[in-house]
Amino acid sequence: MKSQILGTGSYVPERVLTNGDLERMVATSDTWIIERTGIRERRVVATGQACSDLATEAAQQALKHAGVSATDLGLILIATCTGDTPLPSTACEVQERLGATQAAACDINAACCGFLYALAIADAYIKTGFRHILVVGSEVMSVITDWTDRSTCVLFGDGAGAAVIGPSENEDGVLSLHLHADGHYSDLIAVPCGGSSCPPSEKSLAERLQFIKMKGNETFKIAVKTMEGAIREALSANNLTVEDVDVFVPHQANIRILKAVSQRLGLPFSKTVINLDRFGNTSAASIPLALDEAVKDGRIQRGSIVLFAAFGAGLTWASGVMRW
Ligand code: UT7
């Protein structure tokens with residue numbers, strides 16, 4: 001039995017932070033940011049707005065779109081690395097807010113690959129007999145962003161995207177998902193302190209170790225290679241070629257990464273759904289945000305072959321193919 005996405009939803013906070021705003025905060029320029037990343041603006045939460053707030057809004061939309069009631073959910077998975085608190089999980093907060101009284105709930109942390117990891121778990125549970133599973137990617141990257149570090153603060157944004165998964169009525173749906181990780185590269189993208197290996201202290205706060213650090217250049221090169229490899233793996237597992245792909249929904253880190261990946265594969269760039277120009281890198285939220293947009297504006301139609309690929313901290317990388 002295959003699983004299918006029955007409905008999608010998304011939410012971004014109202015506050016827009018433009019490249020012009022960043023020019024007033026750090027030594028950067030609109031031209032540099034657009035040329036090096038493709039990002040023009042990003043959304044940032046209002047004071048007090050948390051990961052669960054974004055996730056709940058996106059989830060409510062997805063449930064409505066799917067025509068599924070919250071009480072029909074058997075499992076809620078929230079992909080995030082910026083949950084409300086270390087305990088309890090953000091998923092339990094979302095379960096309460098939705099009134100999803102029958103659902104088990106937990107968070108999944110696979111950084112920018114979180115949505116595809118969570119989708120793979122949902123797919124496996126649907127095969128065991130679960131009827132309806134909510135998968136959400138929700139991130140408040142602005143809380144782990146160092147707004148004094150120009151090498152990272154221009155990149156990230158906040159947002160959430162959601163999907164309701166259920167059993168497919170035919171042979172359409174998730175064709176395959178491919179998950180990878182290599183902890184050898186854990187230092188390329190990391191928030192060094194705030195967890196059990198380095199609990200928050202005056203020293204760690206003074207050194208700003210509660211914020212994301214990234215070796216951007218090295219990460220860039222590995223991102224292109226691993227995403228290309230994961231896509232080839234997904235296509236070959238389903239006897240598909242790039243010509244068969246109707247829509248490519250990738251993780252949105254940098255437009256130059258996406259162009260390089262498309263070029264290496266011979267995949268026309270016009271098939272790529274882009275939202276990083278408006279939302280920046282929203283980590284686990286970027287794929288479901290882009291997916292919702294492409295579903296709602298009609299780029300994805302029943303029968304469309306949809307290709308996914310992601311790359312992020314861990315390192316993790318992943319890909320997948322669906323027939324919508
Ligand atoms: O989602 C998780 C996965 N993340 C990624 O995949 C991110 C991958 N990496 C990237 O997207 C890119 O490496 C960045 C956008 C982060 C950086 O672009 P780059 O072309 O690799 O720049 P760079 O780090 O090599 O820096 C080039 C120059 C440096 O100056 P010098 O040393 O050449 O004088 C930087 O100091 O650009 C400078 N620079 C900036 N200048 C203006 C770095 N950040 C900025 C900035 N504004 N914001």
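Numbering of ligands and ligand atoms starts at 1, following listing order.
Contacts of Val154 with ligand 1, taken as heavy-atom pairs under 4.0 Å, involve the side chain alone. In Asn217, the parts holding a heavy atom less than 4.0 Å from any atom of ligand 1 are both the side chain and the backbone.
We find the CG-CG distance between Asn281 and Asn254 to be 9.0 Å, quoted to the nearest 0.5 Å. A distance of 10.5 Å separates CD1 in Ile222 from NZ in Lys215, rounded to the nearest 0.5 Å. With rounding to the nearest 0.5 angstrom, the CD1 atom of Ile33 is 7.0 Å from the CD atom of Glu23.
Neither side chain, Glu41 nor Thr18, offers a donor N or O lying under 3.5 Å from an acceptor on the other.
Atom 27 (C) of ligand 1 has as its closest protein heavy atom Trp32 CZ2, 4.5 Å. Looking at atom 1 (O) of ligand 1, its nearest protein heavy atom turns out to be Asn281 ND2, 2.6 Å. In terms of protein heavy atoms, atom 47 (N) of ligand 1 is closest to Thr28 OG1, 2.7 Å. Annotation: atom 7 (C) of ligand 1 to nearest protein heavy atom, Met214 CE, 3.6 Å. Taking atom 48 (N) of ligand 1 as the reference point, the nearest protein heavy-atom neighbour is Arg150 O, 2.9 Å.
Applying the 4.0 Å criterion to heavy atoms of Cys112 picks out, from ligand 1, the atoms 1 (O), 2 (C). Using a 4.0 Å cut-off to heavy atoms of Asn254, the atoms of ligand 1 that qualify are 10 (C), 11 (O), 12 (C), 15 (C). For ligand 1, the atoms lying closer than 4.0 Å to a non-hydrogen atom of Ser151 are 44 (N). Those atoms of ligand 1 that come under 4.0 Å of a heavy atom in Ile257, given as number and element, are 6 (O), 8 (C). Close approach of ligand 1 to Ile189 is summarised as follows: ligand atoms under 4.0 Å from at least one heavy atom of the residue are 2 (C), 3 (C). Atoms of ligand 1 lying under 4.0 Å from at least one heavy atom of Thr37, given by number and element, are 15 (C).
Screening residues 304-324 for ring-ring contact (aromatic ring centres under 6.0 Å, His included) gives His180-Trp317 as the qualifying pairs, with residues at least two apart or on separate chains.
The main-chain N or O of Gly157 is never found under 3.5 Å from a side-chain atom of Thr282 such that the two would form a donor-acceptor pair. A donor-acceptor pair is defined here as one N or O able to donate and one able to accept, closer than 3.5 Å; such a pair exists between the side chain of Ser186 and the backbone of Gly183.
Within the set Met227, Arg256, His251, the minimum heavy-atom distance to atom 19 (P) of ligand 1 is found for Arg256. Atom 20 (O) of ligand 1 has its nearest heavy-atom neighbour, among Lys215, Arg36, Glu23, Met141, in Arg36.
Proximity of atom 29 (C) of ligand 1 to the protein is not indicated, since no non-hydrogen protein atom lies closer than 4.0 angstrom. Proximity of atom 33 (O) of ligand 1 to the protein is not indicated, since no non-hydrogen protein atom lies closer than 4.0 angstrom. Under the 4.0 angstrom criterion, atom 4 (N) of ligand 1 counts as having a protein heavy-atom contact.
No N or O atom of Ala313 sits closer than 3.5 Å to an N or O atom of ligand 1. Remark: ligand 1 and Thr219 share no N or O pair separated by less than 3.5 Å (distance only, no angle test).
Residues forming a disulfide bond (SG atoms under 2.5 Å apart) with Cys81 (at least two apart in sequence, or on another chain): none.
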Should Thr219 and Asn217 be marked as a side-chain hydrogen bond (donor to acceptor under 3.5 Å, both in side chains) after you check the CA-CA gap, both sets of side-chain angles, and the distance that decides it? CA-CA 5 Å; Thr219 305; Asn217 219 277; over 6 Å; no
Report the C-alpha separation of Ser52 and Asp84 in whole Å, then their side-chain angles, then the decisive distance to 0.1 Å, and conclude whether the side-chain hydrogen bond (donor to acceptor under 3.5 Å, both in side chains) test is met. CA-CA 7 Å; Ser52 62; Asp84 292 16; 2.5 Å; yes
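Between Cys198 and Cys193, the SG-SG separation falls below 2.5 Å.
Residues Glu14 and Arg43 come closest through the heavy atom pair O-NH1, 3.7 Å.
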